[in-house]
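Heads up: the structure comes next, in structure tokens.
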2 protein chains.
Amino acid sequence: MKELPKISEAEWEVMKILWTRSPQTGNEVIEALEGQMDWKPKTVRTLISRLLQKNAIAFQEAGRTYLYYPLVSQDDYVQTETQSFLKRLYGGAVKPLLVHFLREQQLSSDEISELKRILDEKTEEGQDRDRRKDR
Amino acid sequence: MKELPKISEAEWEVMKILWTRSPQTGNEVIEALEGQMDWKPKTVRTLISRLLQKNAIAFQEAGRTYLYYPLVSQDDYVQTETQSFLKRLYGGAVKPLLVHFLREQQLSSDEISELKRILDEKTEEGQDRDRRKDR
DNA sequence: TATATTAGACTACACGCGTAATCCAAAAAT
DNA sequence: ATTTTTGGATTACGCGTGTAGTCTAATATA
């Protein structure tokens, strides 16, 4: 897998805007963040510049202005970040986190059912793998 | 809940040492990190100082040297960090993360069984709550 | 055409962090 | 007693980040 540029917390907000819709002009991004982030327009433009430098986004020229769009997918991002987060806090072991969350979180019956269904699928795969490799 | 001091990644390594055993002298901490982190002793001492300033740890004097111990619990920490991580990446929604991990991770049959058991418990609680509040 | 506006480029600046080195007083060693 | 070692305090320094402000060239406006 390729190296994803490191995106800071503030930059992340900009990325979210561009992930939900793109391409957008700087002003559109600024507007989208308004009232939500309480940032001066210049601040947003700085963040955009930094994301450009990091190759997290790019632009096409549209007359006198630029249309920005993401170069990395949110999924890739969430994936990698989650991985490193887990490593840091849970020593890479996913189960403790899962246990923690299954226990602590408010989950609706529907959600619980869905999670169980997923686990059932995993059980089958697991047995499959066990047969092939572990025994 | 009280405010937990912000602990950086490097500082976290020091905290882990003190969480597994405390109190410890600076040298003990340095030794415990040796070979694992490739930090100069002075670096570790800097981290210790910063943790003191942040009130993440404290010490008792023992003759000419100090014995350091944590002031915050690892559990509290993991909890808060996880919370803010989730908020940042998953918009606070836990289910997508759970789905993601249940799907992607290698889990043993035993682990899967345990997770299912937990979900079963939740189902009961959920029905309970439903009876009391939702209907 | 002269002027005001504006998008993007460049500059600013303090604070946290990673990564130490230097300084100093007290203890250990000679 | 003098010298060496050492734990802790203080200082260093470059990079990333949050949070903008200034500069400039082009465009919109009067």
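Only heavy atoms go into these numbers, but all of them, side chains included; no hydrogens, no water, no symmetry mates. Note on naming: letters A, B, ... go to the chains in the order of the sequence lines (proteins, then strands), and numbering restarts at 1 for each one.
Set against C/dA9, D/dG7, C/dA7, the side chain of A/Tyr66 has C/dA9 as its closest nucleotide. Among C/dA7, D/dG7, C/dC17, the nucleotide with an atom closest to any side-chain atom of B/Glu11 is C/dC17. Which of C/dA20, D/dA28, D/dG7 sits closest to the side chain of B/Lys40 comes down to C/dA20. Of the listed nucleotides (C/dG8, C/dA21, D/dA20), C/dG8 has the atom at the smallest distance from the side chain of A/Arg45. Checking D/dG8, C/dG18, C/dA7 against the side-chain heavy atoms of B/Arg50 singles out C/dG18 as nearest. Considering only side-chain atoms of A/Thr46, the nucleotide from D/dT27, C/dG18, D/dT19 that sits closest is D/dT19.
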Using distance only, find each side-chain donor-acceptor pair of residues 51-63 of chain B under 3.5 Å and give its atom names and separation, not counting sequence neighbours.
{"unit_1": "B/Lys54", "atom_1": "NZ", "unit_2": "B/Lys6", "atom_2": "O", "d": "2.9"}
{"unit_1": "B/Lys54", "atom_1": "NZ", "unit_2": "B/Glu11", "atom_2": "OE1", "d": "2.7"}
{"unit_1": "B/Lys54", "atom_1": "NZ", "unit_2": "B/Glu11", "atom_2": "OE2", "d": "3.2"}

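Taking only side-chain nitrogens and oxygens, A/Thr65 comes nearer than 4.0 Å to OP1 or OP2 of C/dG8. Between B/Trp39 and the phosphate of C/dT19, there is a side-chain N or O to OP1/OP2 separation shorter than 4.0 Å. A sub-4.0 Å separation between OP1 or OP2 of D/dT6 and a side-chain N or O of B/Asn27 is absent.
Following rounding to the nearest Å, B/Leu33 (CG) and C/dG18 (C1') show an atom-to-atom distance of 14 Å. Rounded to whole Å, the distance from CG on B/Asp38 to C1' on C/dG18 is 13 Å. For B/Leu51 and C/dG16, the CG to P distance is 14 Å, given to the nearest whole Å. Between the P atom of D/dG8 and the CD atom of B/Gln53 lies a distance of 15 Å, rounded to the nearest Å. We find that NZ of B/Lys6 is positioned 14 Å from P of D/dT17, with the value rounded to whole Å. Distance A/Ile48 CD1 to D/dT19 P: 16 Å, rounded to the nearest Å. In this structure, the CZ atom of A/Arg88 is 11 Å from the P atom of C/dC17, given to the nearest Å. If you take CE of A/Met37 and C1' of D/dG18, they are 10 Å apart, rounded to a whole angstrom.
For the pair A/Glu13 (side chain) and A/Ala10 (backbone), a donor-acceptor distance under 3.5 Å is absent.
Within a 6.0 Å radius of NZ in B/Lys16, other residues, nucleotides and ligands contribute more than 12 heavy atoms.
Ring planes of A/Phe85 and B/Phe85: parallel class, angle under 30° (limits at 30 and 60°).
Counting non-hydrogen atoms under 4.0 angstrom, B/Ser8 reaches the backbone sugars and phosphates but no base.
Put simply, the side chain of A/Glu9 reaches to within 4.5 Å of the side chain of B/Arg88, judged on heavy atoms.
For C/dG8, the base has a donor-acceptor partner in the side chain of A/Lys42 [N/O atoms by modelled type, under 3.5 angstrom].
Between A/Arg64 and A/Glu9, the residue whose closest nucleotide on DNA chain D is further toward the 5' end is A/Glu9.
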